[in-house]
Amino acid sequence: MNDSQAKAWNSFLDEVTASESKHYLWLRSLSYLEYIGYRKMVKALGYDNVNKGVYHHLTDEIQHSFMLRELAEKGFGRQKGESFSEAYQEVAEDYFQKIDGQIHDWVQGACGEENPLYCYLITSFIIEKRAMSVYPHYYHRLADAPSKMIIQKIIKDESEHLSYLEGKMNQVPGLDQTQADLLLSFEADCFFDYLRRMQACFQRPCAA
Ligand SMILES: [Fe+2]
Ligand SMILES: [Fe+2]
């Protein structure tokens with residue numbers, strides 16, 4: 001993260017943790033991102049790909065989605081605030097879609113054909129890297145025990161997913177450090193665009 005990215009990220013965290021309704025929407029967005037990740041994995045992986053690592057990864061992600069939604073509803077959803085409208089869902093979907101598309105094209109270029117397993121491995125690796133930056137920073141902003149425990153459990157799972165995927169990266173032909181860095185920097189642009197669009201939605205809840 002460069003200086004301006006760190007500044008944008010910190011000011012985003014300042015904004016969401018200072019407001020119950022924005023905090024609610026942020027947790028719902030995280031929950032939705034976890035759900036999209038789960039759905040994309042199910043779609044990408046064939047029956048034969050479901051091994052122990054994949055099984056754990058899938059069940060953890062859908063659990064994260066549920067836990068974050070519960071946390072949002074129970075911790076911040078009591079007041080009649082804003083709803084997690086389509087505009088917010090679109091912001092999360094676009095973030096994932098852009099990364100998905102870029103990695104799909106990269107795999108097609110590197111392998112000469114589509115390969116859903118490689119797409120799954122690279123996309124998950126890149127998203128887990130982001131998760132291992134987002135959740136620990138967010139964790140340090142939380143004051144109370146129940147939400148800290150939930151985020152801590154998610155961090156533990158995400159760090160296991162990342163180690164698992166790091167160990168698989170050498171299976172992807174052509175993915176050297178330079179290529180991985182390029183894809184990671186593409187993801188960073190998408191993430192900071194996601195933050196900007198979330199903040200725009202906070203100002204104008206009905207706009208996309
Ligand atoms: Fe997750
Ligand atoms: Fe994960």
Side-chain angles (χ1 to χ4, degrees), residues 1 9 12-13 16 23-46 49-76 84 88-89 91-100 102-104 116-142 146-172 175 180 183-184 186-188 190-192 194-195 198:
M1 222 184 291
W9 172 223
F12 180 86
L13 284 176
V16 293
H23 204 154
Y24 168 80
L25 290 163
W26 160 239
L27 284 168
R28 287 295 307 270
S29 182
L30 287 175
S31 163
Y32 192 57
L33 284 166
E34 295 276 0
Y35 168 75
I36 300 172
Y38 169 82
R39 200 176 54 187
K40 282 194 180 290
M41 271 194 269
V42 171
K43 232 181 124 187
L45 292 164
N49 298 129
V50 182
N51 57 27
K52 200 173 173 189
V54 165
Y55 153 69
H56 278 294
H57 195 183
L58 277 171
T59 51
D60 286 345
E61 301 307 8
I62 199 65
Q63 189 189 24
H64 296 167
S65 176
F66 175 73
M67 288 184 347
L68 290 163
R69 188 179 180 144
E70 283 263 295
L71 183 59
E73 303 289 356
K74 290 186 176 159
F76 304 96
F84 186 63
Y88 287 101
Q89 294 175 25
V91 173
E93 281 160 13
D94 286 352
Y95 164 75
F96 241 113
Q97 207 53 51
K98 276 191 265 173
I99 295 163
D100 223 34
Q102 180 80 2
I103 289 168
H104 179 273
L117 179 64
Y118 294 158
C119 287
Y120 154 73
L121 290 173
I122 306 172
T123 307
S124 302
F125 166 71
I126 281 173
I127 301 278
E128 296 295 349
K129 286 276 244 196
R130 176 59 57 194
M132 282 309 291
S133 162
V134 165
Y135 287 120
H137 284 131
Y138 172 52
Y139 175 84
H140 288 295
R141 299 296 192 101
L142 291 169
S147 41
K148 280 196 110 137
M149 270 164 63
I150 289 170
I151 302 303
Q152 198 166 31
K153 147 70 176 144
I154 295 178
I155 293 170
K156 184 183 157 284
D157 293 344
E158 305 297 17
S159 105
E160 285 170 14
H161 301 162
L162 184 57
S163 314
Y164 166 74
L165 290 156
E166 274 169 346
K168 299 274 173 199
M169 280 305 106
N170 58 6
Q171 287 185 9
V172 183
L175 190 74
L183 292 172
L184 285 164
F186 180 84
E187 183 280 336
C190 297
F191 179 71
F192 286 96
Y194 160 83
L195 293 183
M198 281 291 287

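When a ligand or atom number is given, it counts from 1 through the structure's own listing order. Just so it is clear, the model here is predicted, and its values are computed rather than measured. Sequence positions, counted from 1, serve as the residue numbers for this chain.
For the side chain to side chain donor-acceptor pair (under 3.5 Å) test, residues two or more places apart in sequence or in another chain that qualify with Tyr135 are Glu34.
Contacts classified as salt bridge (charged side-chain N to carboxylate O under 4.0 Å, His left out) and involving residues 153-165 (residues at least two apart or in different chains) are given here: Lys153-Asp157, Lys156-Glu160. The list of salt bridge (charged side-chain N to carboxylate O under 4.0 Å, His left out) pairs with a residue in residues 129-138, not counting sequence neighbours, reads Arg130-Glu187.
The Fe ion (ligand 1) has Glu34 OE1, Glu34 OE2, Glu61 OE1, His64 ND1, Glu158 OE2 as its protein N, O or S neighbours under 2.8 Å.
A 4.5 Å side-chain heavy-atom check between Met41 and Asn49 finds every atom pair outside the cut-off.
Remark: the Tyr24 side chain and the Arg28 side chain contain an N/O donor-acceptor pair separated by less than 3.5 Å.
The one candidate from Trp9, Tyr95, Tyr32 that meets the ring-ring contact (aromatic ring centres under 6.0 Å, His included) condition with Tyr194 is Tyr95.
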